[in-house]
There are 2 protein chains.
Amino acid sequence: MTPGPLYTYRWPRPALTVDIVVFGFAAGHAGSGPRLDVLLIERDQAPFEGRRALPGGFVGEHEDLEAAALRELEEETSVRDVYLEQLYTFGAPGRDPRGHTVSVAYVALVRPIDHPALAASDARRAVWTPVEEATDLAFDHDLILKTALARLRAKLRYRPIGFSLLPDEFTLGELQDLYETALGHELDKRNFRKRVEQMGVLVPTGAKRRGPHRSAALYRFDRARYDALDVEAFDL
Amino acid sequence: MTPGPLYTYRWPRPALTVDIVVFGFAAGHAGSGPRLDVLLIERDQAPFEGRRALPGGFVGEHEDLEAAALRELEEETSVRDVYLEQLYTFGAPGRDPRGHTVSVAYVALVRPIDHPALAASDARRAVWTPVEEATDLAFDHDLILKTALARLRAKLRYRPIGFSLLPDEFTLGELQDLYETALGHELDKRNFRKRVEQMGVLVPTGAKRRGPHRSAALYRFDRARYDALDVEAFDL
DNA sequence: ACAAAAGTGTTCTAGTTACACCCATGG
DNA sequence: CCATGGGTGTAACTAGAACACTTTTGT
């Protein structure tokens, strides 16, 4: 019953890492349409030197998995205060050429405020990349990204996680753009707004977003009101 | 780029295990109603000696996670040929008193044919336990079981995994019993049968199950027909 | 003959989809 | 003044929910 290295080190074992798929949503401005981005690191050492990879790293002993994910994320990309959710654990023996390494993958969603800050930070080489262009990644990170996208798309429909990708205040148009971009197909404007309104989890702030055209009302997601709802009651 | 122990052993790291939540469904006979069971092991050593626990054990180096789960399952309970799906990875630093141990949990679904064989096998102490009575388990296995149940309930609705809990041939009544037991509430018989029929993934075998009352037609799940369906088209 | 499970249709309701026009603003 | 996105209502359709009786079989 004594905790200790005796037992801990007796057998060889796989190494344990965390990898984080960080999604960011860039609202469309004039010219550029809305984009779903993923945050990638350019590796500066072998294996896969020069290849792009998901941020991540080794889990310390006595370190919580989620804590390790947040730590690596901040160390490598300066991103903090994110929605974080465990995705899946990847453990195929050949996935890391250095030896058997099992990786617990997480999905993080960040607000656009955090995007521009990245370039100015001490982040080594973190770059926002449109998801369609995020291919040929190191290790099995293509597979991890694909899995993360599938999860994001599935969960967006029945959990209010989309708001973690938008600024505190947003227009209904921006919310719809996010859904259309992430889901990959268009939605009917009137039906979309109808459903959003019926749910009653958005409160108008009274402010307006002024743009190149007619200004739009700003809304805020009301988590308290959402929590008061039945589970299952959120459905876009 | 050389794979090897040099890098592999440099740092202390959490140990890695797999744990498996094995669900079994016992159709109701005269007297006893239908039951959803979990397969538990009685621990014969510290920590948690004498307590019940989920089957599981350490992942070998260069061993695939799913392979490790299947191996441990067979070693400890003689159960083979099961539906297996990764559930979640539990890594709170205090979950194992021997030291930091991260566990990748799996859910397995087995057919009732395998139930009675267990007692006669070399399985140490594997016992089928109704889920409501599976409390006070070792480690954080109460939490793992709770998570597994939530997943089973959620997934039963939109994926055809329920058939992995039934014998090859089954009656519609048994299928409905399974759904009612797992979901924890009653379903309308006519609507249930209507939906099942509309899906068109069950084929009648022509045979009848003879019981204490009117005999019932037997069906078989047709996986080929299911695969031909759209995803999302399965919805009970 | 009776107890118990098998089997079968219809109606009503609620939710989802499809669809087109006017409005406000900035350039 | 015009281009662009903001904002609004209704009708048709479809899917889901509610509901009761007859049939078969073993005891």
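A note on names: the letters A, B, ... follow the listed sequences, proteins ahead of strands, and every chain is numbered from 1. Heavy-atom basis, side chains included; hydrogens, waters and symmetry copies ignored.
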Point to revise | D:dG26 OP1/OP2 closer than 4.0 Å to side-chain N/O of B:Arg210 | key: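 Answer is yes, contact under 4.0 Å.
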Report the distance from atom [atom1] of [X] to atom [atom2] of [N], rounded to the nearest whole Å.
| X | N | atom1 | atom2 | result |
| --- | --- | --- | --- | --- |
| B:Lys208 | D:dT25 | NZ | P | 8 Å |
| B:Leu175 | C:dA5 | CG | P | 17 Å |
| B:Leu172 | C:dA5 | CG | P | 16 Å |
| A:Glu186 | C:dT17 | CD | C1' | 16 Å |
| A:Lys189 | C:dC21 | NZ | C1' | 10 Å |
| A:Asp177 | D:dT4 | CG | P | 16 Å |
| A:Gln198 | D:dG9 | CD | P | 13 Å |
| B:Arg193 | D:dA20 | CZ | P | 18 Å |

Check your understanding: Taking the six-membered ring for Trp, are the ring centroids of B:Tyr88 and B:Phe90 within less than 6.0 Å of each other?
Key ->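 Yes.
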Exercise for review: Determine, using ring centers only, whether B:Tyr219 and B:Phe170 are less than 6.0 Å apart.
Suggested key: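 Ring centres of B:Tyr219 and B:Phe170 not closer than 6.0 Å.
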Exercise for review: Give a yes or no on whether a salt bridge exists between B:Glu76 and B:Arg125, defined as a side-chain N under 4.0 angstrom from a carboxylate O.
Suggested key: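 Not counted as a salt bridge, because no side-chain N and carboxylate O are separated by less than 4.0 Å.
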Check your understanding: Is B:Arg111 salt-bridged to B:Asp168, going by a charged N under 4.0 Å from an acidic O?
Key ->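 Yes, B:Arg111 and B:Asp168 are salt-bridged.
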Practice item. Test B:Ile144 against every option in B:Thr147, B:Asp140, B:Asp142 by the side chain to side chain contact (heavy atoms under 4.5 Å, CB included) rule and name the one that passes. Key: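 Exactly one candidate clears the test, B:Asp140.
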Practice item. Indicate the ring-plane relationship of B:Phe221 and B:Tyr226, choosing parallel, tilted or perpendicular according to the 30° and 60° boundaries. Key: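 Taking B:Tyr226 first and then B:Phe221, their aromatic rings sit tilted (interplane angle of 30° to 60°).
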Exercise for review: For the pair B:Arg51 (side chain) and B:Asp136 (backbone), establish whether a donor and an acceptor sit closer than 3.5 Å, ignoring hydrogens and angles.
Suggested key: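 Between the backbone of B:Asp136 and the side chain of B:Arg51 there is a qualifying donor-acceptor contact (under 3.5 Å).
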Point to revise | Nucleotide of C:dG7, D:dG6, D:dT4 approaching B:Ala217 most closely (side-chain heavy atoms) | key: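 That would be C:dG7.
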Exercise for review: Name the nucleic acid region contacted by A:Arg195, choosing base, sugar-phosphate or nothing; use a 4.0 angstrom heavy-atom cut-off, strictly under.
Suggested key: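 The answer is sugar-phosphate, as A:Arg195 gets under 4.0 Å only of primed atoms, P, OP1 or OP2.
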Exercise for review: For B:Arg214 and for B:Asp235, find the nucleotide of DNA chain D with the closest heavy atom, then tell me which residue's nucleotide is more 5'.
Suggested key: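 Here B:Asp235 is the residue nearer the 5' end.
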Heteroatom pairs (N/O) under 3.5 angstrom, protein to nucleotides 9-15 of chain C:
{"residue": "C:dT10", "atom": "O4", "partner": "B:Lys194", "partner atom": "NZ", "Å": "3.0"}

